Asker: 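The structure follows.
Since we're looking at a predicted model, the values are computed, not measured. Below, chain A is the first sequence line, B the second, and so on; all start at residue 1.
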Amino acid sequence: MDAIAIRIAAALAPHLGLEPEEVAGLLEVPREAGRGDYAVPCFSLARRLRRAPAQIAAEAAAAASAAIAPGGLVRAVQAVGPYLNLWLEPATFAEAVLSEVALHGRQYGESRRGAGQRVVIDYSSPNIAKRFHIGHLRSTVIGAALVRLHRAQGYEVIGVNHLGDWGTQFGHLIAAWERWGEEERLAGDDPIGYLQELYVRHNRAAAEDPAYAERARAAFKRLEDGDPSARALWSRFRELSLREFARIYELLGVEFEQIAGESFYEDKIPHALELCAARGVSEWSEGALIIDFARHGHPGLPPMLLRRSDGATLYATRDLAAAIYRFETYDPAKILYVIGAPQKLHLEQLFTALRLLGFPAERCAHVAFGHVQGMSTREGTAILLDEVLGRAIRLAEERIRAGEVRVPAEQIERTARAVGVGAVVFADLRHRHLKDIAFDWDRIVRFEGETGPYLQYAHARLCSIAEQVAAVDPEAAAALVEFGREPLAPAQVGALLGAGRPIEPQLLVEPETFAVLRLVGAYPRTLERAAAELEPSVLAQYLLELAGAFSGFYHAHHVKNAEPAQRRARLALVHAVRHVLAHGLTLLGIEPLERM
RNA sequence: GCGCCCGUAGCUCAGCUGGAUAGAGCGGCGGAUUUCUAAUCCGCGGGUCGGGGGUUCGAAUCCCUCCGGGCGUGCCA
């Protein structure tokens with residue numbers, strides 16, 4: 001919980017006989033005006049304090065009201081039934097919030113909660129030799145956001161791209177190549193498209209004629225057994241794919257600490273299987289090696305296959321070897337699997353297997369998301385990510401050129417890219433992601449309303465205000481030059497804020513201003529919650545609220561044309577909002593723009 | 001068959017550790033610019049929170065059940 005919440009809670013905590021941290025956890029913003037700036041519902045305290053909620057609220061309100069001092073943060077406390085409603089002194093609140101921003105500077109919002117702990121995040125993980133389609137976007141952007149959110153909480157994060165670069169699918173590919181492969185086409189300008197075509201063709205053939213399926217299985221077995229020609233082909237296909245993916249990752253601003261596909265764990269599989277055998281977890285059944293969970297106290301869980309009857313390993317085997325490797329190599333506090341909801345059973349099996357083997361499986365979590373419907377590579381119905389991003393960027397560029405062009409000519413391309421990508425990324429991150437979604441062109445490349453470009457626009461506007469204020473009032477800009485940048489010492493903050501100082505908080509008291517400050521003050525706890533709940537959408541929704549509140553302020557009040565003292569105070573607000581917006585957007589993987 | 005997930009305004013979604021009169025955006029209609037970016041803002045209309053039952057002082061939120069949709073369920077990943 002952040003300093004602001006604790007400061008607010010501190011006014012009530014002693015009268016409730018609780019610690020400020022506990023009260024801060026209960027703090028909420030009443031839905032309706034007239035019920036205070038904040039409220040503490042007392043229901044959950046009833047049992048602990050052994051009194052009725054309404055009585056708790058009434059007594060605490062009476063005691064807290066009596067203790068209110070002029071100039072303090074809390075201006076009034078009122079019990080309404082079981083609620084403890086409180087009104088803040090806007091000037092004191094403004095000072096409190098802006099002090100926090102000044103104190104932490106560009107690190108405002110971050111914490112060291114996770115310091116000394118490691119987190120492994122397994123995300124993106126596309127299959128090689130297939131095109132990157134819109135269904136792969138989710139794991140990539142959610143995973144990348146979780147990586148950044150955890151770093152902002154002080155964790156050491158190892159982002160792993162667990163490429164699908166092994167398995168029977170390569171049997172299909174190799175078999176297809178050996179049957180139909182044309183060297184010229186692989187050397188052409190769309191090698192991945194060609195590989196995918198081969199794969200699809202072989203898969204279809206296998207569906208009708210079991211002989212093809214058999215050849216695919218045999219080809220993978222050869223690959224796994226180290227057959228040189230199979231290996232050479234595989235390695236070539238893999239290189240071509242990585243080159244293709246690199247382009248997309250660059251566009252999305254995604255970097256991995258480790259690109260370790262399933263093949264990386266090939267030589268780690270024996271260790272995993274030995275462990276299973278040694279602990280008595282695995283057994284042979286119908287010629288295959290399995291873990292029969294029913295015999296280990298998990299009656300409802302279907303068995304997990306570790307080795308097929310022909311001896312080849314499976315996805316599950318490699319995932320198990322990967323998890324063991326990660327536990328033994330990194331000793332992580334968390335391992336997150338950012339993988340679609342359809343794989344829930346598979347991960348449940350994996351986690352249960354790890355527990356049976358004696359690993360702390362409770363540290364593993366499946367960050368699941370609904371799949372994009374109708375995206376099948378095999379059926380050729382997938383919409384390519386390239387296509388989506390390309391279209392979004394093109395539309396963004398048209399938009400920039402259509403109106404009054406504020407972007408310098410040499411920046412238009414870059415800006416269009418940021419806006420287009422921002423729209424697509426935000427469209428994916430803005431909601432909780434368990435529900436399946438139907439792909440919709442119009443929705444994903446929208447620039448108005450609750451979108452990425454809306455946030456970028458708010459940010460650009462903030463930059464523009466700051467720039468223009470600096471032009472008309474260089475003294476104001478100079479006075480605030482340290483605010484929101486490097487973290488400041490308390491004495492420096494004191495010199496910056498207060499009556500007669502550069503930033504006078506008593507000038508930041510209008511309702512629209514208060515609404516903005518309340519959100520700025522809530523940023524640290526929002527980041528904490530987004531990371532703890534593994535939900536980038538928590539941050540996305542918050543940023544929409546903040547940008548909305550700022551737009552309300554913008555239309556109600558002027559910065560540039562205000563009186564000098566007022567202008568400085570509002571400029572500080574502008575800096576603070578700009579910082580939070582830029583920081584939050586960056587965490588989501590969206591570039592904050594200065595002009596658009 | 002069994003298991004899991006989802007169902008809130010015409011559409012897309014917030015709200016879900018139970019709590020005050022269920023909120024946004026899009027779309028529709030009507031407005032706002034002699035001043036900092038109209039990719040903005042303000043207003044209006046729009047809901048038996050899938051149906052039913054239960055627990056509770058109180059249910060969109062928890063439990064049961066039914067309906068609808070999706071996914072998974074031993075040799076794919």
Asker: Report all interatomic pairs (protein N or O, nucleotide N or O of nucleotides 55-59 of chain B) with separations under 3.5 Å.
Answerer:
none

Asker: Under a 3.5 Å cutoff on both atom distances, Watson-Crick or G-U, what's the dot-bracket for RNA chain B ([ ] crossing, | other strand)?
Answerer: (((((((..((((.....[...)))).(((((.......))))).....(((((..]....))))))))))))....
Asker: Under 4.0 Å: is that the gap between some side-chain N or O of A:Arg318 and OP1 or OP2 of B:A77?
Answerer: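 Indeed, a polar side-chain atom of A:Arg318 lies that close.
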Asker: How about A:Tyr523 and A:Tyr542: are their ring centres within less than 6.0 Å of each other?
Answerer: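 A:Tyr523 vs A:Tyr542: aromatic centres under 6.0 Å.
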Asker: With ring centroids as reference points, do A:Phe351 and A:Tyr337 lie under 6.0 angstrom apart?
Answerer: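 Ring-ring flag for A:Phe351/A:Tyr337: true, centres closer than 6.0 Å.
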Asker: Nearest whole angstrom, please: distance from the P of B:A39 to the OH of A:Tyr454.
Answerer: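 It is 12 Å, rounded to the nearest whole Å.
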Asker: Respond yes when some side-chain nitrogen or oxygen of A:Tyr457 is under 4.0 Å from OP1 or OP2 of B:A39, and no when none is.
Answerer: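 Checking B:A39 against A:Tyr457, a side-chain N or O does come within under 4.0 Å of OP1 or OP2.
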Asker: Using 0.5 Å steps for rounding, measure from the CD1 atom of A:Ile444 to the CG atom of A:Asp428.
Answerer: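 Answer for the CD1-CG pair, A:Ile444 versus A:Asp428, is 6.5 Å.
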Asker: With rounding to the closest Å, how many angstrom separate the C1' atoms on B:G7 and B:A32?
Answerer: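 About 39 Å, rounded to a whole number of Å.
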Asker: Give the nucleotide from the list B:A20, B:A14, B:A77 with an atom nearest to the side chain of A:Arg35.
Answerer: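 Looking only at heavy atoms from C-beta outward on A:Arg35, the closest nucleotide is B:A20.
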Asker: Just so I know, are the side chains of A:Leu395 and A:Arg399 near enough to count as touching, which here means a heavy-atom distance under 4.5 Å?
Answerer: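 With C-beta onward as the side chain, the pair stays apart.
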Asker: Step by step, work out the salt bridge (charged side-chain N to carboxylate O under 4.0 Å, His left out) result for A:Arg217 and A:Glu214.
Answerer: CA-CA 5 Å; A:Arg217 266 193 293 276; A:Glu214 195 36 57; 3.3 Å; yes
Asker: Roughly how many Å apart are B:G69 and B:U33, using the C1' atom of each and rounding to a whole number?
Answerer: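 To the nearest whole Å, 47 Å.
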Asker: Please determine whether a side-chain nitrogen or oxygen atom of A:Arg307 lies at a distance below 4.0 Å from atom OP1 or OP2 of B:G74.
Answerer: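 False: A:Arg307 side-chain N/O out of range (4.0 Å or more) of B:G74 OP1/OP2.
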Asker: Is a side-chain donor-acceptor pair under 3.5 Å present for A:Thr313 with A:Glu224?
Answerer: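 Present: a donor and an acceptor within the cut-off.
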Asker: Taking the six-membered ring for Trp and the full ring for Phe, Tyr or His, determine whether the centres of A:Phe132 and A:Phe245 are under 6.0 Å apart.
Answerer: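 Centroid distance A:Phe132-A:Phe245: below 6.0 Å, so yes.
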Asker: Under 4.0 angstrom, heavy atoms only, what part of the nucleic acid is A:Ile465 near: base, sugar-phosphate, or nothing?
Answerer: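 Since a base atom lies under 4.0 Å of A:Ile465, the category is base.
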Asker: Does a side-chain N or O of A:Arg217 approach OP1 or OP2 of B:C76 to a distance below 4.0 Å, or not?
Answerer: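 Checking A:Arg217 against B:C76: at least one side-chain N or O falls below 4.0 Å of OP1 or OP2.
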Asker: Please pick, from B:U37, B:A39, B:G70, the nucleotide with the shortest atom-to-atom distance to any side-chain atom of A:Arg399.
Answerer: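 Closest nucleotide to the A:Arg399 side chain: B:A39.
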Asker: Is there a stack between A:Tyr554 and B:C36, judged by ring centres under 5.5 Å and planes under 30°?
Answerer: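 A:Tyr554 vs B:C36: stacking yes.
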Asker: Checking only heavy atoms, does the side chain of A:Arg31 share a donor-acceptor pair with the base of B:A20 at less than 3.5 Å?
Answerer: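 No, the side chain and the base share no sub-3.5 Å donor-acceptor pair.
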Asker: Answer with yes or no whether the side chains of A:Glu512 and A:His557 bring together a donor and an acceptor at under 3.5 Å.
Answerer: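 The answer is yes; a qualifying pair exists.
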Asker: Does a nitrogen or oxygen in the side chain of A:Lys435 sit under 4.0 Å from OP1 or OP2 of B:C13?
Answerer: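 For A:Lys435, the contact criterion (side-chain N or O under 4.0 Å from OP1 or OP2 of B:C13) is met.
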Asker: Just how far, in rounded Å, is C1' of B:U34 from CG of A:Asn561?
Answerer: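 The distance from CG of A:Asn561 to C1' of B:U34 comes to 12 Å, rounded to the nearest Å.
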Asker: Could you please name the option among B:C4, B:A77, B:G72 that lies closest to any side-chain atom of A:Tyr315?
Answerer: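 For A:Tyr315, the side-chain atoms sit closest to B:A77.
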Asker: Expressed as a whole number of angstroms, how long is the span from A:Arg406:CZ to B:U37:P?
Answerer: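 Rounded to the whole Å, the gap is 7 Å.
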Asker: Looking at every non-hydrogen atom in both residues, tell me the closest pair between A:Arg138 and A:Lys435 and how far apart they are.
Answerer: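 Where A:Arg138 meets A:Lys435 most closely, the heavy atoms are NH1-O, 4.3 Å.
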Asker: Could you state the CD1-P distance from A:Ile339 to B:G72, rounded to the nearest angstrom?
Answerer: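 Those two atoms, CD1 and P, are 15 Å apart.
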Asker: When you get a sec, tell me which of B:G74, B:A39, B:C76 is the closest nucleotide to the side chain of A:Ile290?
Answerer: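 Ranking B:G74, B:A39, B:C76 by closest atom to the A:Ile290 side chain puts B:G74 first.
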Asker: Starting the side chain at C-beta, find the nucleotide from B:C4, B:C75, B:A20 nearest to A:Glu28.
Answerer: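 Taking heavy atoms from C-beta onward, the closest nucleotide is B:A20.
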Asker: Is any side-chain nitrogen or oxygen of A:Thr451 closer than 4.0 Å to OP1 or OP2 of B:A39?
Answerer: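 For B:A39, OP1/OP2 do not have a side-chain N/O of A:Thr451 under 4.0 Å.
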Asker: Counting only side-chain nitrogens and oxygens, does A:Arg308 get under 4.0 Å of the OP1 or OP2 atom of B:C76?
Answerer: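 Checking A:Arg308 against B:C76: at least one side-chain N or O falls below 4.0 Å of OP1 or OP2.
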Asker: For the C1' atoms, the ones on B:C5 and on B:G10, what distance do you get once it is rounded to whole angstrom?
Answerer: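 Each nucleotide's C1' atom is 25 Å from the other's.
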Asker: Counting just side-chain N and O atoms, does A:Ser551 come under 4.0 Å of either OP1 or OP2 of B:U40?
Answerer: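 For B:U40, neither OP1 nor OP2 has a side-chain N or O of A:Ser551 closer than 4.0 Å.
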Asker: Nearest to the side chain of A:Thr168, heavy atoms from C-beta on, is which of B:C36, B:C76, B:A20?
Answerer: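 Out of B:C36, B:C76, B:A20, the nucleotide with an atom closest to A:Thr168's side chain is B:C76.
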Asker: For A:Asn127, report the nucleic acid contact type (base, sugar-phosphate, nothing); a contact means any heavy atom under 4.0 Å.
Answerer: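 Touches sugar-phosphate only.
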Asker: Taking only side-chain nitrogens and oxygens of A:Arg567, does any of them come within less than 4.0 Å of OP1 or OP2 of B:C36?
Answerer: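 For B:C36, neither OP1 nor OP2 has a side-chain N or O of A:Arg567 closer than 4.0 Å.
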Asker: Go through it in stages, so that I can follow the logic: the residues are A:Lys130 and A:Gln196, the test is side chain to side chain donor-acceptor pair (under 3.5 Å), and I'd like the CA-CA distance, side-chain angles, deciding distance and then a yes or no.
Answerer: CA-CA 5 Å; A:Lys130 287 191 196 168; A:Gln196 184 174 310; over 6 Å; no
Asker: Whole-Å distance between B:C71 C1' and A:His366 NE2?
Answerer: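 It is 12 Å, rounded to the nearest whole Å.
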Asker: Rounded to the nearest Å, what distance is computed from the CZ atom of residue A:Phe220 to the P atom of nucleotide B:C75?
Answerer: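 It is 15 Å, rounded to the nearest whole Å.
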Asker: If you check every side-chain atom of A:Glu286, which of B:C75, B:A39, B:C36 has the closest atom?
Answerer: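 Between B:C75, B:A39, B:C36, the one nearest the side chain of A:Glu286 would be B:C75.
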Asker: Do A:His459 and A:Arg578 pass the side chain to side chain contact (heavy atoms under 4.5 Å, CB included) test, and can you show the C-alpha distance, the side-chain angles, and the key distance before you say yes or no?
Answerer: CA-CA 6 Å; A:His459 182 265; A:Arg578 182 174 67 167; 3.5 Å; yes
Asker: Which part of the nucleic acid, if any, lies within reach of A:Ala39 when heavy atoms closer than 4.0 Å are counted: base, sugar-phosphate only, or nothing?
Answerer: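 Answer is base: heavy atoms of A:Ala39 come under 4.0 Å of a base.
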Asker: When you compare B:U48 with B:A60, how far apart are their P atoms, in angstrom units rounded to a whole number?
Answerer: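 Roughly 14 Å separates the two P atoms.
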Asker: Does a side-chain N or O from A:Gln349 land closer than 4.0 Å to OP1 or OP2 of B:G72, or not?
Answerer: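 A:Gln349 to B:G72 OP1/OP2: no side-chain N or O under 4.0 Å.
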Asker: Does A:Tyr315 have its ring centroid less than 6.0 Å away from the ring centroid of A:His346?
Answerer: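 Yes, they do, as the ring centres are separated by less than 6.0 Å.
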Asker: With no angle test and no hydrogens, is the base of B:G74 tied to the side chain of A:Ser285 by a donor-acceptor pair under 3.5 Å?
Answerer: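 Yes, the side chain and the base share a sub-3.5 Å donor-acceptor pair.
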Asker: Here's a test of your reading of the structure: between A:Leu305 and A:Val559, which maps to the more 5' nucleotide of RNA chain B?
Answerer: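 Per heavy-atom nearest nucleotide, the more 5' residue is A:Val559.
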Asker: Could you check which of B:U35, B:A14, B:A39 has an atom nearest any side-chain atom of A:Met596?
Answerer: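 Selected nucleotide (nearest to the side chain): B:A39.
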Asker: Just compare B:A20, B:C26, B:U35 and give me whichever is closest to any side-chain atom of A:Asn85.
Answerer: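 When the side chain of A:Asn85 is considered, B:A20 is the closest of B:A20, B:C26, B:U35.
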Asker: Could you check which of B:A39, B:A14, B:U37 has an atom nearest any side-chain atom of A:Gln541?
Answerer: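 Between B:A39, B:A14, B:U37, the one nearest the side chain of A:Gln541 would be B:A14.
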Asker: Could you give the distance separating B:C29 and B:C67 at their P atoms, to the nearest angstrom?
Answerer: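 My reading of the P atoms in B:C67 and B:C29 gives 42 Å.
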Asker: Using atom CE of A:Met304 as one end and atom C1' of B:C75 as the other, report the distance to the nearest whole Å.
Answerer: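 My rounded result for the distance is 14 Å.
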Asker: Answer yes or no: is there a side-chain heavy-atom contact under 4.5 Å between A:Glu563 and A:Arg568?
Answerer: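 Heavy-atom side-chain distance check fails, nothing below 4.5 Å.
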Asker: Would you kindly give the CG-to-C1' distance between A:Leu347 and B:C4, to the nearest whole Å?
Answerer: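 Atom-to-atom, A:Leu347 to B:C4, this comes out as 13 Å.
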Asker: Using only heavy-atom distances, determine whether the side chains of A:Ser464 and A:Glu467 contain a donor-acceptor pair under 3.5 Å.
Answerer: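 No - no donor-acceptor pair under 3.5 Å links their side chains.
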Asker: Report yes if a side-chain nitrogen or oxygen of A:Ser464 is closer than 4.0 Å to either non-bridging phosphate oxygen (OP1 or OP2) of B:U37; otherwise report no.
Answerer: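 Yes, because at least one side-chain N or O of A:Ser464 sits under 4.0 Å from OP1 or OP2 of B:U37.
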Asker: Compare side-chain N and O positions of A:Tyr542 against OP1 and OP2 of B:A14 and report whether any pair is under 4.0 Å apart.
Answerer: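 No.
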